[in-house]
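Below is one structure; the comments refer to it alone.
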2 protein chains.
Amino acid sequence: MKILIVDDEKDILEFLSYNLEKEGYQVSTALNGMLALDIAKKIKPDLIILDVMMPEMDGISTCSELRKIPETQNSLILFLTARSEEYSELAGFNAGADDYVTKPIKPKLLISRIKALLKRNKNNESSSSIKIEDIEIDKERHVLMYRGEEIHLARKEFNLLYYLMSIPGKVFTREEIISEVWNDAYVGDRTIDVHVRKIREKTGSNYIKTIKGVGYKFDI
Amino acid sequence: MKILIVDDEKDILEFLSYNLEKEGYQVSTALNGMLALDIAKKIKPDLIILDVMMPEMDGISTCSELRKIPETQNSLILFLTARSEEYSELAGFNAGADDYVTKPIKPKLLISRIKALLKRNKNNESSSSIKIEDIEIDKERHVLMYRGEEIHLARKEFNLLYYLMSIPGKVFTREEIISEVWNDAYVGDRTIDVHVRKIREKTGSNYIKTIKGVGYKFDI
DNA sequence: ATATATATTAATGAATTGTTAAATTTATAG
DNA sequence: CTATAAATTTAACAATTCATTAATATATAT
C-alpha cells in the first residue's frame, strides 16, 4: 500500500515515515504541494497525507489539484490540521478530503485511522473480474479461467496479465509495465519476457502479442 | 429500515431526519440517552446514530446501555463525534460502536457510511450457517460438520475458517485476516499459518488454498 | 545480411509459507 | 483459588515456490 506524505517540516516527514514504514506501508514524501503533484503522478499513491498549513501551496489547494489529475482521482486524502483550524474542515471536505487527523499526531491513532480508511475504501471497489471471450481473469479469486479450466498464475504473472487485459488491444510499453507491475523496480531487460513466456506456456496459447520495438498487448 | 437518531440539538435531529427520510429510511429521534433507551425498546431500530457529546448521559454510556438490552443487542451503532474528541474513538469502539462519523456532518458521506454498515451487517447476519458441498460451518452451534462428522475447532480456528468461508473463492490477504479475525492485534507472521495448518489437519483435507504472496482462500 | 529486439532455458537466490515443538496465555474443573 | 487442560502464539528451521538473471538461440525490420 503506497502512501505519500506532504508536509513542509522535515521532522514530521521523518517521524511519520518511520511510523508508517514500520507498519509495512510504502512511504514517499514531499516538502511542498508542487513536489507532491509530481511524485503522485509517478507513484500513484493509495493514500495521501496532507498538511493543511504549508507555505506557498496549502493543503487544500494541493488537494484540489490532486483531485484533478487522473492518477490520484481515487486516492484517499487525509488532512493533518492544527487543533485550532476548525474552519479548514469544511473547506477540506469540499476540496475532496476523506478524513482528518489533528496535531499533535499520535501514531497509533493515525495508523488506526488509516487502516479504517483503506478498509472502507476497499468495500467500495468495483468488480475485479475481466472477461474477454473464453478468458476471464478474476482478481478477487486470483484465478484465471481459460476455456473452463482454472489456471494458476504466480503473483507477478497474474498482475502482468491483469494489467494487459485491463485495456485489451492497447499496447503497453515496457516502461509502463515496469512502472505498474514492478513498481518501478530495477529489473533486467529479460524479466518481462520470461513472465510473458510463462503465461503463454500455462495457457498454451498466445493472446499476448509482441509488438516489436514497442511492447506487448493482449488481443484475441 | 428503521433508524434512531439521538442528539441533544434539535437542529441536527431535523437536518439528519430530513436527509435520511429522503433516502427512504424510517427515522425516529430522541433528545437524550434516557429517551433513546425507551424508544429503542419499542421500535427496535436497525441502526442507532448517537451523538457522543450530550449532557447527562453521553453517547458512550448510552451505547453501553443499549448493548445491554435485548432489543438493541444486535443493532448497529454509529457515533457522531466532534473532530477534537479523539479519546472518544477508542472508548466508543470499546462500548460497542460499529462506526463513527465526525462533525460537521456531510449528508452524502453519512449516507454512504450507513449503507456500507447495513450491507456489511446483512452479509454477516443473513445465515449463521454456511454450507459448501460436504462442509458446513455453523456459527450458532459453533460447530463444523465435515462429511457427516462433527469436528471441534478452537475459537480462532473457527473464526478463521468462518471468515474464509464467508466468501468462498475470494482470496483474503493476511492483512484482511488479521484485521477481521485478530482485530488488528499485533501477531507474528506465522500465527495465521499455524491456524491454517490446524484446520487442514483436523479436517484431513485442504480446502484452504494458499495463494503465495497474496493470501488464503476457501475453495473446493 | 546484419543489427537489434525478443524468446527460451536453466540455474540461482530471494521471498514466502509449512512444520514442529516449546513458551505463554487463557479457560475450566475441582 | 489453584491445578490442569486447552488454546494461542512464538521461534527456529525446513520446504517450497517464485522472481530474476545470464547465457544463448531465434525472430524481425531495414
Side-chain angles (χ1 to χ4, degrees), chain A residues 1 21 24-26 142-144 150-164 171-219, chain B residues 137 142-144 150-164 171-219:
Chain A
M1 204 58 74
E21 276 167 358
Y25 296 113
Q26 219 173 304
H142 204 273
V143 141
L144 174 70
E150 222 175 76
I151 293 170
H152 171 75
L153 296 181
R155 189 166 43 135
K156 282 267 156 72
E157 292 158 20
F158 187 92
N159 291 344
L160 171 55
L161 180 57
Y162 192 87
Y163 183 48
L164 295 179
V171 182
F172 292 91
T173 65
R174 279 157 183 275
E175 281 104 55
E176 284 176 308
I177 291 171
I178 285 184
S179 164
E180 179 72 19
V181 181
W182 271 265
N183 267 307
D184 283 317
Y186 287 99
V187 287
D189 266 0
R190 303 274 63 75
T191 304
I192 296 176
D193 308 21
V194 172
H195 281 85
V196 167
R197 190 192 166 279
K198 290 232 185 91
I199 296 169
R200 287 171 175 162
E201 189 178 53
K202 285 184 178 177
T203 59
S205 66
N206 187 10
Y207 287 131
I208 298 180
K209 317 286 193 214
T210 304
I211 312 298
K212 195 177 159 114
V214 189
Y216 293 97
K217 69 173 176 178
F218 178 93
D219 222 340
Chain B
I137 189 163
H142 207 273
V143 143
L144 173 70
E150 204 172 290
I151 293 171
H152 169 77
L153 294 182
R155 195 162 45 98
K156 282 269 156 71
E157 292 159 19
F158 186 92
N159 290 344
L160 172 55
L161 180 57
Y162 192 87
Y163 183 47
L164 295 178
V171 181
F172 293 91
T173 65
R174 279 158 184 276
E175 269 194 349
E176 285 176 307
I177 291 170
I178 286 183
S179 166
E180 181 72 19
V181 181
W182 272 267
N183 270 112
D184 283 318
Y186 288 94
V187 287
D189 266 0
R190 304 271 64 74
T191 304
I192 296 176
D193 308 23
V194 172
H195 281 83
V196 167
R197 189 188 167 282
K198 289 246 180 77
I199 296 169
R200 287 171 174 162
E201 192 177 50
K202 284 183 178 178
T203 59
S205 65
N206 187 9
Y207 287 133
I208 298 180
K209 317 284 193 217
T210 304
I211 311 297
K212 191 167 170 164
V214 187
Y216 292 98
K217 69 174 175 177
F218 178 92
D219 220 342

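Here is the naming used below: chain letters follow the sequence lines, and residue numbers restart at 1 for every chain. None of these values were measured; they are calculated from a predicted model.
Atoms CZ (A:Arg190) and P (C:dA7) sit 8 Å apart, rounded to a whole Å. In this entry the distance linking CZ of A:Arg200 with P of C:dT9 reads 13 Å, nearest Å. The NZ-C1' distance, from B:Lys198 to C:dT20, rounds to 11 Å in whole Å. Computed from coordinates, the B:Arg155 CZ to C:dA27 P distance equals 6 Å when rounded to whole Å. Atom-to-atom, NE2 of B:His195 to P of C:dT25 comes out at 16 Å; the value is rounded to the nearest Å. The separation between B:Asn206 atom CG and C:dG18 atom P is 9 Å, rounded to whole Å.
Here A:Tyr216 lies in heavy-atom contact (under 4.0 Å) with sugar-phosphate atoms only. No engagement by A:Val196 is indicated, since no non-hydrogen atom pair under 4.0 Å with the nucleic acid exists. A:Lys156 comes within 4.0 angstrom of the backbone, heavy atoms only, and of no base.
The aromatic rings of B:Trp182 and B:His195 sit perpendicular to each other, their planes meeting at more than 60°, with 30° as the lower class boundary.
Here the straight-line distance linking atom CG of A:Leu161 with atom CD1 of A:Ile199 works out to 5.0 Å at 0.5 Å rounding.
Applying the 4.0 Å criterion to OP1 and OP2 of C:dA7, one finds that A:Thr210 has a side-chain N or O inside that range. Side-chain N/O atoms of A:Arg197 include one lying less than 4.0 angstrom from OP1 or OP2 on C:dT9.
DNA chain C is contacted by both A:Val214 and B:Ile211; A:Val214 maps to the nucleotide lying nearer its 5′ end (nearest heavy atom per residue). Residues A:Gly215 and A:Val194 each lie close to DNA chain C; by heavy-atom proximity, the contact nearer the 5' end of the strand is made by A:Gly215.
For B:Val214 against A:Arg155, the heavy-atom pair with the smallest separation is CG2-CD, 4.1 Å. Here the closest heavy-atom approach between residue A:Val143 and residue A:Phe158 is recorded as N-CE1, 3.5 Å.
Residues A:Arg174 and A:Asp193 are paired through a salt bridge, judged by an N-O separation under 4.0 Å between the basic side chain and the carboxylate.
Tested against B:Val196 for a side chain to side chain contact (heavy atoms under 4.5 Å, CB included), the candidates B:Asn206, B:Thr210, B:Ile208, B:Thr191 yield a single pass: B:Ile208.
Interface limits on DNA chain D: the 5'-most and 3'-most nucleotides within less than 4.0 Å of chain A heavy atoms are D:dC18 to D:dT28.
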